[in-house]
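Notes for the one structure printed next.
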Protein chains: 2
Amino acid sequence: MVRPRFARLPPAQQQAILRAALDEFATHGFHDASLNRVIDAAGISKGSMYYYFDDKADLFAHVARVEFERLLADVGPVARPPEPGPDAFWSAVERFYRDALTRLAAHPRVASLARTWLGASENPALQRAQLELEATVMPWLERVLVLGQSSGAVRTDLPSDLLIAVAIGMGRAMDTWLLSRPPDDTAPPPTGALVGMLRRALEPQT
Amino acid sequence: MVRPRFARLPPAQQQAILRAALDEFATHGFHDASLNRVIDAAGISKGSMYYYFDDKADLFAHVARVEFERLLADVGPVARPPEPGPDAFWSAVERFYRDALTRLAAHPRVASLARTWLGASENPALQRAQLELEATVMPWLERVLVLGQSSGAVRTDLPSDLLIAVAIGMGRAMDTWLLSRPPDDTAPPPTGALVGMLRRALEPQT
DNA sequence: AACCGGCGTAGACTGATGGTCGAACCGGTG
DNA sequence: CACCGGTTCGACCATCAGTCTACGCCGGTT
């Protein structure tokens, strides 16, 4: 967990550290990111770094949390649909998905960070950081889930955590697939088909 | 790529190396696995290890490939259903899924290896190994996909690689969720509901 | 018997990593 | 001035993956 001291640092120095860390993690992932490079780029000593952060994973969790919170605030919540019913809910989800993709395309470093986060189940050191990050993202996801269920758009016969896990898994798969498309493919991503698959997996059975 | 020399080693020594590597990777994942520990446990020198394997990722890929091939051979293919039609295909898939879960429960080290493989998109070194492993697993997956499509059980309006990516993502999510259940939960895993979600995401739209 | 070439082994060595630690520094207070 | 808590520093540590040189052994050739 970031030490509270960090918040008392002059904002300029906080920024320097966070930007250096964001650059390093975004371009090298977690494992191949080098703390030595971060402290060089940030212009601080190793001692100072460990004075403010528990370890490498803690630094990663903090910079990721800051960036994700900014992103979620930017994109805005999945709006409670004006009219009731599943269709309105799912089109709100699709609108959010499209917006988020647009935002991520405009901030490639944050996109890279998100991908590192989603794809880092392997590293035990990162798993602690995962927990901290989930504390940021999960409540948000759960609100969306409950909204969907109260709209009759999401099934209620399976545990919430399973539904969320499946949604995340599908989202990660779609993201990976979108990334693997050649960059010169100017066609807009088929968000309709992707959200449609998510919908059919999660909506109540008739 | 494993050097062909490795196959000419006395089987006992091959076994010693593979078993040491399996133990290490299964209990520590990829990144935290230590080659030094592997060579100690296997009773060989570092020079010998690098005489037979390109690097750490190569060793991982080899041991994973050996174990996965053994697993797939054990469980057997997704049988071409005796009668035609989507229902028969999807119940064959469920049967395979249940069998595979049973086999993995009986071989926890292999299960751990599979989890390391699925969750290792982050590490660039492992990505080369991923490619090698995919050469083992993907053809198998594609055969299943084509079988499903020819049974009318799987949609044909989206690219195959997207369908496969989504299926893998859902499988990984379900596996993670199954793992997170308390170990004293003796209820059999809800494979029906899980394969049902997969089915609704992948089957043709009416 | 003497020699040779190469396969396989050994382990010291390299450069880098994440993380630790004690010393030094600095602004404020008595 | 003396002290002190919060902060900064960088040398240092263990360990890592990977490299490199030396060497022992063995089968074949002369």
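Below, chain A is the first sequence line, B the second, and so on; all start at residue 1.
- The outermost nucleotides of DNA chain D lying under 4.0 Å from heavy atoms of chain B, listed 5' to 3', are dC16(D) to dT19(D).
- In this pair, Phe96(B) and Trp140(B) present their aromatic rings tilted. The plane angle is within the 30 to 60° band.
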N/O donor-acceptor pairs under 3.5 Å from side chains in residues 159-170 of chain A, not counting sequence neighbours:
residue, atom, partner, partner atom, Å
Asp161(A), OD1, Trp177(B), NE1, 3.2
Asp161(A), OD2, Trp177(B), NE1, 3.4

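- Ser45(B) is linked by a side-chain hydrogen bond (donor to acceptor under 3.5 Å, both in side chains) to Ser48(B), counting only residues two or more places apart in sequence or in another chain.
- Under the rule for a salt bridge (Lys or Arg N to Asp or Glu O under 4.0 Å), the partners of Arg109(A) that lie at least two apart in sequence or sit in another chain are Asp23(A).
- Rounded to an integer number of Å, the gap from CG of Asp32(B) to P of dG18(C) is 13 Å.
- Residues of residues 48-57 of chain B having a heavy atom closer than 4.0 Å to DNA chain C, listed by number: Ser48(B), Tyr51(B), Tyr52(B).
- Rounded to whole Å, the distance from CG on Leu35(B) to C1' on dT14(C) is 16 Å.
- Residue pairs meeting the side chain to side chain donor-acceptor pair (under 3.5 Å) criterion with at least one partner in residues 142-155 of chain A, sequence neighbours excluded, are Arg155(A)-Asp157(A).
- Judged as a salt bridge (Lys or Arg N to Asp or Glu O under 4.0 Å), and not counting sequence neighbours, Asp99(A) has no contacts.
- The salt bridge (Lys or Arg N to Asp or Glu O under 4.0 Å) analysis of residues 189-202 of chain A, with sequence neighbours excluded, yields the pairs Asp87(A)-Arg199(A), Arg199(A)-Glu203(A).
- Legend: residues meeting salt bridge (Lys or Arg N to Asp or Glu O under 4.0 Å) with Arg65(B), ordered by chain and number and at least two apart, are Glu69(B), Glu132(B).
- The aromatic rings of Phe6(B) and Tyr52(B) lie perpendicular to each other, with more than 60° between the two planes, well past the 30° mark.
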Between the protein and nucleotides 22-26 of chain C, which nitrogen or oxygen pairs are less than 3.5 angstrom apart?
none

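- Following rounding to the nearest Å, Arg5(B) (CZ) and dC7(C) (C1') show an atom-to-atom distance of 9 Å.
- Taking atom CD1 on Ile44(B) and atom P on dG8(C), their separation rounds to 13 Å, with Å as the unit.
- Taking atom CZ of residue Phe6(B) and atom C1' of nucleotide dC7(C), one finds them 17 Å apart after rounding to whole Å.
- Mapping Arg37(A) and Lys46(B) onto DNA chain C via the closest heavy atom, the residue that lands nearer the 5' end is Lys46(B).
- Atom CG of Asp40(B) is separated from atom C1' of dA10(C) by 13 Å (rounded to the nearest Å).
- Computed from coordinates, the Leu9(B) CG to dC7(C) P distance equals 15 Å when rounded to whole Å.
- Arg70(B) is linked by a salt bridge (Lys or Arg N to Asp or Glu O under 4.0 Å) to Glu67(B), counting only residues two or more places apart in sequence or in another chain.
- Annotation: side-chain hydrogen bond (donor to acceptor under 3.5 Å, both in side chains) contacts of Asp54(B) (sequence neighbours excluded): Arg3(B).
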